[in-house]
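Here's the structure, in structure tokens; my notes come after.
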Amino acid sequence: MKFRKFLAAGAGAALAFSLAACSGGGAGSTSDSSASGDDGAMMEEGGTIGVAMPTQTSSRWIADGDAVKSGLEDQGFDVDLQYAADDIPTQSQQIDNMITNGVKALIIAAIDGTALSSQLQAAADAGIPVISYDRLIRDSENVDFYVTFDNYNVGVQQATSLLVGLGILEADGTTETGEEGPFNVELFAGSLDDNNAHFFWAGAIDTLQPYIDSGVLVVPSGQTDIEQAATLRWQQETAQKRMEDLLTGNYVGTDEKVNGVLSPYDGLSRGIITALQNNGYSGTVEDGFPVVTGQDAEVESVKLIVDGVQYATIFKDTRKLAEQAVVAATAYLNGEEPEANDTETYDNGVKVVPSYLLESDIVYADNVQELLIDSGYWTQEQVDKGVA
Ligand code: GAL
């Protein structure tokens, strides 16, 4: 038997493919000719799958890598998991090597979503299916499937948490309180080479714009374009520096105070919080510390949320995302197409990539227990210490 019979393992009940007992052969889009593996018995069973992740400086990508690896191993595959230290040539090289080594499928979270066209052409030429992981790979027809979250909605949720924190919306996130401010806010975006950054921004700005237009929200820096708000490579230090510059240029020496900051990722949020603290803002949100949003439920930020310093984050369960990547890879290797639940949203510039989108949740101090601890995402001890 070429590929071992796989089962939609218990926990993965929501598996999005119809379970097919594979009757030998059926390598589907991976023609079994060229991929000559180097690892004997396991190769016979399932082969090696290449997993390319961007960076280990963020706990979320470590969690993603671990979850994808163990999920694939449970299905009988070997895994070549590589991190690229946020360096584009390193990631390209790693993917080149995976292709040369005859991986059966590629799962890629790109650093620069536009930089992998030649690698993906080589993958296509070798019959290797490519699954874009969380970040859409752009400008290539050789992206077979995309697993991600509803990224526009993530942006809506980020903006909603800012509005709730400022008291403009009730805790339900929809009912207006009638609070008219005005509140001073500053806006941050992610890395412009990451397709997600544009979706987060669009969702957030669409939600905030009516309040900016009505004067409930004011952006004293005037920096309301994504290009001005962007943070190359999502780096914490870059966000800290920009926040310090915003404070120096627009607040220091005036009576104006920052009331809130839209941040699209916890790493940036921590840089922004440090800049605020370095400039005399102290205590908790309840004491008047600015409302800072986030994303990823990184444990360092979850601790800050419990401590009342960061206001909110967005929880995207990387275990579920990893599971969908495993489902998609397994489907391809059984000669099937993975099941998409969205075939309209993610146009990569060349084609609309069939996608499987997951939902996300807003985390506030009062639902950390339910969303993150009871679900086993973090332990109480990890949250208490702020360390994974
Ligand atoms: C995005 C991802 C976010 C966050 C960010 C920085 O692509 O969707 O969840 O992790 O990268 O790593």
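We're numbering straight along the sequence, starting at 1. Order of listing sets the numbers, starting from 1, for every ligand and every atom in it.
- With a 4.0 Å heavy-atom cut-off, ligand 1 is reached by the side chain of Phe200 but not by its N, CA, C or O.
- Considering only non-hydrogen protein atoms, atom 2 (C) of ligand 1 sits nearest to Asp134 OD2, 3.2 Å.
- Polar contact check, Lys316 against ligand 1: a nitrogen or oxygen pair lies under 3.5 Å apart.
- Phe149 does not count as a contact of ligand 1, since none of its heavy atoms falls under 4.0 Å from the ligand.
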Quick one: do Asp134 and Arg60 satisfy salt bridge (charged side-chain N to carboxylate O under 4.0 Å, His left out)? Show the steps, please.
-> CA-CA 12 Å; Asp134 196 47; Arg60 87 144 278 191; 3.0 Å; yes
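- Protein heavy atom nearest atom 11 (O) of ligand 1, with residue, atom name and distance: Arg135 NH2, 2.9 Å.
- Geometrically, ligand 1 and Tyr265 share no nitrogen or oxygen pair separated by less than 3.5 Å.
- Val218 is not connected to Ile205 by any chain of hydrophobic side-chain contacts under 4.5 Å among Ile, Leu, Val, Met, Phe, Trp and Tyr, and they are in different clusters.
- No cation-pi contact links Lys257 to Tyr251, judged by a cut-off of 6.0 Å to the six-membered ring centre and 45° from its axis.
- Of all protein heavy atoms, the one closest to atom 1 (C) of ligand 1 is Asp194 OD2, 3.3 Å.
- Applying the salt bridge (charged side-chain N to carboxylate O under 4.0 Å, His left out) criterion to Glu298, with sequence neighbours excluded, gives Arg270.
- Within the 4.5 Å cutoff, no side-chain heavy atoms of Leu321 are placed close to those of Lys316.
- Residues meeting the salt bridge (charged side-chain N to carboxylate O under 4.0 Å, His left out) test with Lys320, sequence neighbours left out: none.
- At the shortest separation from atom 10 (O) of ligand 1 among protein heavy atoms lies Asp296 OD2, 2.6 Å.
- Where the criterion is an N or O separation shorter than 3.5 Å, residue side chain and backbone included, Asn151 fails it with respect to ligand 1.
- In terms of protein heavy-atom proximity, atom 12 (O) of ligand 1 is nearest to Trp61 NE1, 2.9 Å.
- By the criterion of a heavy-atom distance under 4.0 Å, neither the backbone nor the side chain of Thr55 is placed next to ligand 1.
- Within a 6.0 Å sphere centred on CD of Glu180, other residues, nucleotides and ligands contribute 12 heavy atoms or fewer.
- Inter-residue side-chain proximity for Tyr133 and Met53 is flagged as met; some heavy-atom pair is nearer than 4.5 Å.
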